[in-house]
Amino acid sequence: MPSPVEELAPPDIIAKYEPVIGLEVHVQLATATKIFCGCPTSFGASPNTNVCPVCLGLPGALPVLSREAVEIAMKGGLALNCRIRPMSRFARKNYFYPDLPKGYQISQYDEPLAEHGHVEISLGEKTKRIGITRAHMEDDAGKSIHQGFPDSDRYSYVDLNRCGTPLIEIVTEPDLRSSDEAYAFLTELKQMMQFVDVSACDMEKGQLRCDANVSVRLKGAEQFGTKAEVKNLNSFRFLKMALDYEIARQVSVLEAGGKVEQETRLYDASTGETMGMRSKEHAHDYRYFPEPDLVPLRISESWLADVRSRMPELPAQKRSRFIESYGLREYDSQVLTSAQEISDYFENVAAVSGDPRMAANWVMGDLMGALKAEAKDISQSPVQPGHLGELVALIGKGEISGKMAKEIFAKMFSTGDAAPAIIEREGLKQISDSGALEKIVDEVLAANPKQVEQYRDGKTAVLGFLVGQAMQRSKGQADPVKIRQMLEKELKEPPKP
Ligand code: ADP
Ligand code: ZN
Ligand code: MG
């Protein structure tokens with residue numbers, strides 16, 4: 001069956017056009033309380049329990065701006081390389097909807113907190129700079145629930161717990177040129193917001209929401225085409241699929257001699273299509289006006305400098321530091337900075353191990369593999385980073401072989417114990433004591449006279465066999481490098497009388 005995209009236009013026709021995309025991303029700020037009142041922002045509370053006269057918009061209740069929310073929004077703006085305005089202002093954005101009891105959203109309009117920023121995204125080998133138009137603060141609305149009740153065919157319900165949750169809305173310049181670039185941008189943005197503790201960005205909890213503006217133009221054309229705004233993109237995968245669909249749809253409209261309508265469209269994940277929701281004639285007139293209950297937000301230079309000084313390292317900075325100071329490959333540094341917990345874990349292992357590259361291999365290979373097999377997160381790892389570092393150090397010191405380390409690691413993972421305890425318990429210590437090794441070597445040479453003769457006749461490849469025999473005799477505990485050296489030495493000496 002052809003996909004919805006293939007039904008619209010064949011790839012060679014789509015390739016004649018260049019997509020232009022700008023994103024509007026809502027990020028929930030990681031505050032304990034709401035933006036204009038003291039209600040908790042906790043997720044999953046009983047409906048309509050985290051509310052008060054302010055967030056319910058009851059007459060006479062006055063908003064008080066949360067300092068914590070402003071500070072987190074500032075961090076978000078700084079992460080996006082934005083200029084933080086010394087003065088920004090809140091406005092009322094008026095519209096009527098059951099999940100908005102005030103009848104307006106409090107948002108920043110023409111004087112946003114942060115503007116003129118940019119984000120570097122990496123596209124394979126290349127990087128590209130995406131402009132950030134602005135990042136402004138606003139409060140969230142509640143949630144209408146149209147399904148799941150016995151009388152849902154007649155009624156909708158509303159949960160106002162989310163009303164007043166602090167958000168920043170991040171608006172990009174129309175700099176993205178494909179669904180892959182949009183995907184890469186959102187990935188980078190999410191990582192950045194997590195690293196600077198602006199938000200956990202859990203999409204399932206609605207902490208990261210994205211709308212996409214899309215247009216297409218013939219390649220080489222100067223003018224942008226008319227854009228459509230696509231909403232309801234609640235996963236990274238849906239964003240990419242919705243964009244690919246919408247690009248193909250606009251191409252097919254233009255190819256048929258039609259015109260793209262400026263409109264808002266909804267993505268339907270069940271069909272993979274976007275559908276018209278409201279056209280320009282029905283566009284909202286929000287009648288913005290300054291919020292009379294809030295004074296302008298002033299950010300002093302000293303406050304900004306203080307927040308700036310407390311900014312943690314951003315993912316891109318961390319990636320280059322990992323490459324430079326640990327000698328990691330680009331790919332490894334990307335994997336190891338994909339989340340704050342992973343990079344913290346790795347750095348702990350690296351510090352204890354004394355061998356960052358081997359530490360990286362163990363974290364990315366054995367540890368992540370074992371975690372994945374048990375559907376565990378790195379924060380739930382039964383192996384402490386210090387313990388893994390110690391294991392790597394033991395390999396480095398030649399106390400255990402790589403093969404034994406794998407065995408020990410499996411036991412560490414299932415018990416949570418440290419390597420030395422397991423080595424002790426299981427008698428797994430590598431034999432590197434020369435006396436013990438000499439004994440093994442002598443035994444092997446005595447037991448395999450045929451191979452010894454072959455070696456002395458010039459068939460030096462049998463050395464591998466003899467090493468294997470020695471390892472077997474030692475139950476895998478001999479140091480294979482030393483064994484090889486000692487065997488070679490013995491074999492090169494003239495036969496003993
Ligand atoms: P509006 O006036 O409809 O709100 P804006 O100019 O404020 O439009 O832009 C809103 C978003 O749409 C931004 O992310 C911007 O990058 C993007 N955008 C603007 N023009 C286009 C276009 N022609 N094609 C795709 N995206 C666009
Ligand atoms: Zn409240
Ligand atoms: Mg606009």
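By convention here, the first residue in the shown sequence is residue 1. As the structure lists them, so they are numbered: ligands from 1, and atoms in each ligand from 1. These values consider heavy atoms only, across backbone and side chains, with no hydrogens, waters or symmetry-generated copies.
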Residue pair [X] / [Y], side-chain heavy-atom distance below 4.5 Å:
{"X": "F346", "Y": "L328", "answer": "yes"}
{"X": "L294", "Y": "P63", "answer": "yes"}
{"X": "Q105", "Y": "D139", "answer": "yes"}
{"X": "I14", "Y": "L8", "answer": "no"}

Please identify which atoms of ligand 1 are closer than 4.0 Å to at least one heavy atom of [X].
{"X": "E173", "value": "16 (O)"}
{"X": "V171", "value": "13 (C), 14 (O)"}
{"X": "F224", "value": "23 (N)"}
{"X": "L23", "value": "14 (O)"}
{"X": "G225", "value": "23 (N)"}
{"X": "V20", "value": "24 (N), 25 (C)"}
{"X": "S215", "value": "22 (C), 23 (N), 24 (N), 25 (C)"}

Verify the ring-centre separation between Y286 and Y109: is it less than 6.0 angstrom?
no
Relative to atom 1 (P) of ligand 1, which among Q223, R217, K227 owns the nearest non-hydrogen atom?
K227
Charged N to carboxylate O under 4.0 angstrom, [X] versus [Y]?
{"X": "K126", "Y": "E181", "result": "no"}
{"X": "D99", "Y": "K143", "result": "no"}
{"X": "R92", "Y": "D293", "result": "yes"}

For the Zn ion (ligand 2), how many protein N, O or S atoms lie at less than 2.8 Å?
4
N or O pair under 3.5 Å between [X] and ligand 1:
{"X": "V214", "value": "no"}
{"X": "E24", "value": "no"}
{"X": "P174", "value": "yes"}

Donor-acceptor pair, side chain of Q250 and main chain of V214, under 3.5 angstrom
yes
Of K219, E255, R217, the one forming a side-chain hydrogen bond (donor to acceptor under 3.5 Å, both in side chains) with Y17 is E255
So side-chain hydrogen bond (donor to acceptor under 3.5 Å, both in side chains) across residues 356-373, not counting sequence neighbours, yields D366-K406
